[in-house]
Amino acid sequence: MQLNFNNPKPIYMQMVDEVKKALARGELSPGDKIPSHKERAQMSQVNPNTVQRAYQEMEREGLTETLRGQGTFIRNDPALLQTIRSEMALAAVKLFIEEMQGLGIEPGETERLLRSQLYDESKEG
Amino acid sequence: MTAIDQSPTMIEIKGVHKRYLLKQALNGIDLQIKKGSIVGLLGPNGSGKSTLLKMMAGLIYPTSGTILVNGREPDVRNKQQIAYLPEIDSLYSWMTVKETLQFISAFYSDWQVDKASLLLHAMELDERQKVRNLSKGMRARLKLIAALARKVPLVLLDEPFSGIDPMSRAKIIHSIISEFQADEQTILLSTHSVKESEPMFDDVIFLQNGRIKIHDSAENLRSEFGCSLENIWEKVYA
């Protein structure tokens with residue numbers, strides 16, 4: 001797990017993102033059991049309170065559910081994967097748009113560049 | 001969430017000054033530390049870190065001001081509630097590792113034998129070795145075992161990483177995180193090794209010239225400065 005302490009995004013949110021990415025990539029599946037927050041803290045060498053906060057956040061977002069006495073599981077919801085993928089895709093697009101705006105590039109130009117690059121890559125691929 | 005939230009207070013310090021014969025070590029410290037957190041005490045040499053920790057341990061007293069640990073003024077009696085790892089090496093060189101731990105355990109009714117042997121294993125120390133034959137890093141590991149094998153609400157670690165190898169440092173950090181009981185323990189740790197210890201901290205205190213320069217949660221500071229504690233350190237003490 002790659003945590004970046006120079007990223008202004010809080011560590012607990014970075015940990016939530018890691019789980020989401022693992023789901024999007026198929027390394028984790030709905031219904032899978034994930035390590036307890038204590039185990040997770042030991043594995044990643046991160047403050048147990050921070051890990052606990054990440055687990056609370058995942059529960060709050062409906063990403064995981066905790067079954068008493070059994071542990072924490074990725075919520076067994078087939079729609080979950082789709083939700084997370086679109087959520088992460090949207091975030092990536094927003095980041096891209098922000099970068100382009102930062103460069104002073106007009107939306108029309110951004111769209112044109114994106115289309116032409118996608119076209120080039122589809123030909124190459 | 002701010003650094004000082006609704007959790008009950010473990011340490012409360014008000015207007016504390018400490019004057020040694022020739023040096024003003026603490027210059028008006030006001031500080032609250034909540035229960036259940038791992039707090040990093042950061043600052044250059046001579047900024048007052050050790051003085052503050054010794055005061056919390058009840059080894060020295062403020063020249064003026066008040067300090068309460070778990071609601072009481074620290075003194076010899078409530079040492080039973082505090083595990084203190086001194087910066088200096090106070091181990092007897094002629095004892096073996098095993099004898100050292102047995103010797104220390106005799107002072108404390110809260111000593112956890114099973115935890116001590118667990119830590120011994122995790123830290124990869126050979127209990128038959130004589131202290132005099134241990135490397136500096138190995139002695140640092142042994143000192144940490146002595147502090148963490150006790151079941152106490154407050155653990156004070158003064159420079160547990162100073163001058164030791166990266167491997168020992170990693171082992172020590174691992175053990176602190178593994179053994180930390182968030183619901184019943186508070187750990188204060190002074191260090192220069194900000195990079196390695198950063199992931200451990202809930203809150204951090206930056207000291208300078210006997211004063212608190214910054215006290216906030218690590219997450220707040222990172223989002224405020226937009227960088228890691230390690231880089232904040234460079235900005236604060238530039």
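Sequence lines set the chain letters: A, B, ... in the order given, protein chains first and strands last, and positions in each chain run from 1.
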(request) Count the heavy atoms of every other residue, nucleotide or ligand shown that sit under 6.0 Å from NZ of B/Lys35, and state whether that count exceeds 12. (result) yes
(message) Quick check on A/Arg75: does its CZ atom have over 12 non-hydrogen neighbours (other residues, nucleotides or ligands) under 6.0 Å away?
(response) yes
(message) Does A/Glu98, at its CD atom, have more than 12 non-hydrogen atoms belonging to other residues, nucleotides or ligands within less than 6.0 Å?
(response) no
(message) For the NZ atom on B/Lys235, are there more than 12 heavy atoms of other groups (residues, nucleotides or ligands in this structure) within a distance under 6.0 Å?
(response) yes
(message) Whether the side chain of A/Lys38 engages the backbone of B/Ser178 through a donor-acceptor N/O pair (distance < 3.5 Å, no angle test) should be reported.
(response) yes
(request) Flag yes if more than 12 heavy atoms outside A/Arg115 fall under 6.0 Å of its CZ atom; otherwise flag no. (result) no
(request) Please answer whether the main-chain N or O of A/Tyr12 pairs with a side-chain N or O of B/Glu219 as donor and acceptor at a distance below 3.5 Å. (result) yes
(request) Please look at B/Phe225 and chain A and tell me whether the side chain, the backbone, both or neither of the residue comes under 4.5 angstrom of a heavy atom of that chain. (result) neither
(message) Take a 6.0 Å sphere around CD of A/Glu99 and say whether it holds more than 12 heavy atoms from other residues, nucleotides or ligands.
(response) no
(request) List the atom of B/Ser223, the atom of A/Pro8, and the distance in Å for their closest heavy-atom pair. (result) CB-O, 3.8 Å
(request) Grab the two heavy atoms, one from A/Ile11 and one from B/Arg222, that are nearest each other, plus how far apart they are. (result) CG1-NH2, 3.4 Å
(message) With a 4.5 angstrom heavy-atom cut-off, is it the side chain or the backbone of B/Ala218 that approaches chain A, or both, or neither?
(response) neither
(request) Mark yes or no for whether A/Asn6, through its side chain, and B/Ser228, through its backbone, hold a donor-acceptor pair below 3.5 Å. (result) yes
(message) If you count heavy atoms of other groups shown closer than 6.0 angstrom to CZ of A/Arg85, is the number above 12?
(response) no
(message) So does B/Ala182 get a backbone contact from the side chain of A/Asn49, meaning a donor-acceptor N/O pair under 3.5 Å?
(response) no
(request) Check B/Ile177 against A/Asn47 and note the closest heavy-atom contact, atom names and distance. (result) CD1-N, 4.4 Å
(message) Can you tell me which portion of B/Asp202 sits under 4.5 Å from chain A's heavy atoms? Options are side chain, backbone, both or neither.
(response) both
(request) Classify the side-chain pair A/Gln45/B/His174 by whether it contains a donor and acceptor separated by less than 3.5 Å. (result) yes
